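Here is the naming used below: chain letters follow the sequence lines, and residue numbers restart at 1 for every chain. Keep in mind the model is a prediction, meaning the values are calculated, not measured.
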Amino acid sequence: MSAGTLAEARRRHPSARWPAPADALRQRMAQLLDLRGAAHPDVAAALLQARGRLGLDVPVFAERLGVDVDLVRRAEAGEIGVVQLPGPLRRVMRSE
Amino acid sequence: MARLVAGDPAAVFTLFEHHGHRVAGVVRRQLARCGVHDVAREDLQSLVLDACMELLQVAEAWRPGGALPWWWAEGRIRAVVIGWVGVHADSVDDHLDSIERGEEFHAATDEDEVAQTFARLVDEVPLVGLVAEAARVARVDELILHCMLDYRVQQDQGDPSPAHTLAPRYGVSPDALRQRVSRGRKRLRAVVDDDPRFAPIADFVLVA
């Protein structure tokens, strides 16, 4: 398959026609968590986004980052502020 | 879907990332059914976000013995779209005008009805359940199976070109739709031929 044909195929693929506004979904999630009383909804939403995009469950996500599972759960529940997060979680948040 | 049902909120990002375009397809089709053929990109994106968040919040209501997951999700997505159209609806006069002008309507099959009837029969009729199981083993996903059923219904109704009739509904070209149905049928056929569990459905036209 030539480069031109491949590029054309990619252009036609449904995923290319769907410019996913992922930040908007993160904001919606933050709003939902805020309504549910989370103290740090933005942090929680960013972590959920990071984990969701990787398609990992909490234990695997925590293991890969070398952090405590319970800490991830609390952070995703909006209980922990960004300054209290360990480095790996802060980095994965910023990469989103 | 399993992660959403288990209450993992991160799964909504996975859904959005990997299946957002499919959700968008369902939204577009439902909008078209509601007579909205030209929707702003921002509105479409907003509807997809609404649909994903809705799925997150109602996913726990899904039952493994009920409708197949994607069909179940489609039903919820359509409800979101219908709600949106209702809020933004103009007067019904436009629709009545088109009826009075005698415009042609294409209502040979009802996609919702086909999906819902099949989902119900999966629970009620063991042989239909076997078709659903064969589709799962053959990795024919719900959308393609749905497409195959729709295609078959069109054929049975005497449609000379089901692919042309159904292509706009599925947002693909007639050739792509024909190919989708053909591949799905071949995969289903291979599984039915190889696995004795599926012998009772070997004569079904859907897998023939």
| said: Nearest 0.5 Å, please: how far is CG in A:Leu47 from CZ in B:Phe13? | reply: 10.0 Å

| Taking side chain as C-beta onward, heavy atoms only, is B:Ser46 less than 4.5 Å from A:Arg28? | yes

| request: Measure across A:Leu25 and B:Val12 and return the closest heavy-atom pair with its distance rounded to 0.1 Å. | output: CD2-O, 3.9 Å

| In terms of heavy-atom contacts, does CD of A:Glu63 have more than 12 from other residues, nucleotides or ligands at under 6.0 Å? | no

| Contact origin within A:Leu56 toward chain B - heavy atom pairs under 4.5 Å | backbone

| Quick one: CG on A:Leu32 to CE on B:Met53, what's the gap to the nearest 0.5 Å? | 4.5 Å

| Can you tell if the side chain of A:Glu76 reaches within under 4.5 Å of the side chain of B:Pro9, non-hydrogen atoms only? | no

| said: If you count every heavy atom of other residues, nucleotides or ligands that lies below 6.0 Å from A:Arg64 atom CZ, does the total exceed 12? | reply: no

| query | Of A:Arg53, A:Arg51, A:Arg26, which meets salt bridge (charged side-chain N to carboxylate O under 4.0 Å, His left out) against B:Glu17? | reply | A:Arg53

| field | Engaged part of A:Ala44 at the chain B interface, taking heavy atoms whose separation is under 4.5 Å | value | neither

| request: Tell me, for B:Leu56 versus chain A, whether the close heavy atoms (under 4.5 Å) come from the side chain, the backbone, both or neither. | output: side chain

| field | Any donor-acceptor pair under 3.5 Å from B:Thr14 side chain to A:Gly52 backbone | value | yes

